[in-house]
Amino acid sequence: MKGMMPTMGWVLVGLALLVSFGMDLANTVQGGAIDLRNRITGVRLLEHGVDAYHYKWSNVDPPEYCDPYNNPKLPVSKTTATPALLMLHVPLAALPYRVAQFLWFFAQWLLLLGTGWLWLRACATSRARCVAALFFVGFTYTAAWRLHAERGQAYVLLAFLLHAG
């Protein structure tokens, strides 16, 4: 029975992550991933030599450049990511937006799980692994992560790169 406790704990961790993933997926289905949208439209504009930071879409422009969340009354666009971060989205910019949205959603979760795996591997004791796993799972239930996943943020990419390096 004592040997089953760690296994049961990891099963519970897996189930908790699966529930959290399902909640994020439901939010993504309903949401527009507004932060991802401005990065994809921004990189599409940059690829065609257009200033993504001041661009305002109109009905005569290609629909691929449209960010419905962009306020036409403001002098700048909703594109706030650096050109370097925008260029990381080049593969997604070639896809239809909804496909790119779900690919990025799955990539965010893979990057988060990869970061968690790196944390667990760095733990020297089973107690430390347990604490790290609880912290990790708990984080996926916070508003910070929910908004990150639903809005299509890129911070998890930076966290993964910092831990992998």
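Keep in mind that this is a model prediction, so the values were computed, not measured.
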- Looking at residues at least two apart in the chain, or sitting in another chain, which of them share a side chain to side chain contact (heavy atoms under 4.5 Å, CB included) with Ala132? Leu120, Cys123
- Item | Pairs flagged by side-chain hydrogen bond (donor to acceptor under 3.5 Å, both in side chains) wherever residues 88-112 is involved - sequence neighbours left out | Asp24-Trp109, Arg39-His89, Arg98-Gln101, Gln108-His148
- List in chain and number order the residues that pass side chain to side chain donor-acceptor pair (under 3.5 Å) with Arg151, two or more places apart in sequence or in another chain; answer none if no residue qualifies. none
- Query: With sequence neighbours left out, what residues match Asp51 under side chain to side chain donor-acceptor pair (under 3.5 Å)?
  - Reply: His54
- List in chain and number order the residues that pass side chain to side chain contact (heavy atoms under 4.5 Å, CB included) with Val19, two or more places apart in sequence or in another chain; answer none if no residue qualifies. Met23, Tyr141
- Task: Would you list the pairs meeting side-chain hydrogen bond (donor to acceptor under 3.5 Å, both in side chains) in which at least one residue belongs to residues 62-75, sequence neighbours left out?
- Result: His48-Tyr65, Lys56-Asn70
- Pairs involving residues 27-37, ordered by first then second residue, that meet side-chain hydrogen bond (donor to acceptor under 3.5 Å, both in side chains) (sequence neighbours left out): Asp35-Gln153
- Query: Does Thr140 have any side chain to side chain donor-acceptor pair (under 3.5 Å) partners at least two apart in sequence or in another chain, and if so, which?
  - Reply: Ser20
- Note on the structure: Taken in chain and number order and not counting sequence neighbours, the residues that satisfy side chain to side chain contact (heavy atoms under 4.5 Å, CB included) with Leu103 are Leu92, Leu95, Val99
- Those residues at least two apart in sequence (or on a different chain) that pass side chain to side chain donor-acceptor pair (under 3.5 Å) with Tyr53 are none
- Query: Given a cutoff of under 4.5 Å between side-chain heavy atoms of I, L, V, M, F, W and Y, with clusters grown through shared members, what are the other residues clustered with Leu110?
  - Reply: none
- Query: Restricting to pairs with a member in residues 112-130, which pass side-chain hydrogen bond (donor to acceptor under 3.5 Å, both in side chains), not counting sequence neighbours?
  - Reply: Trp119-His163
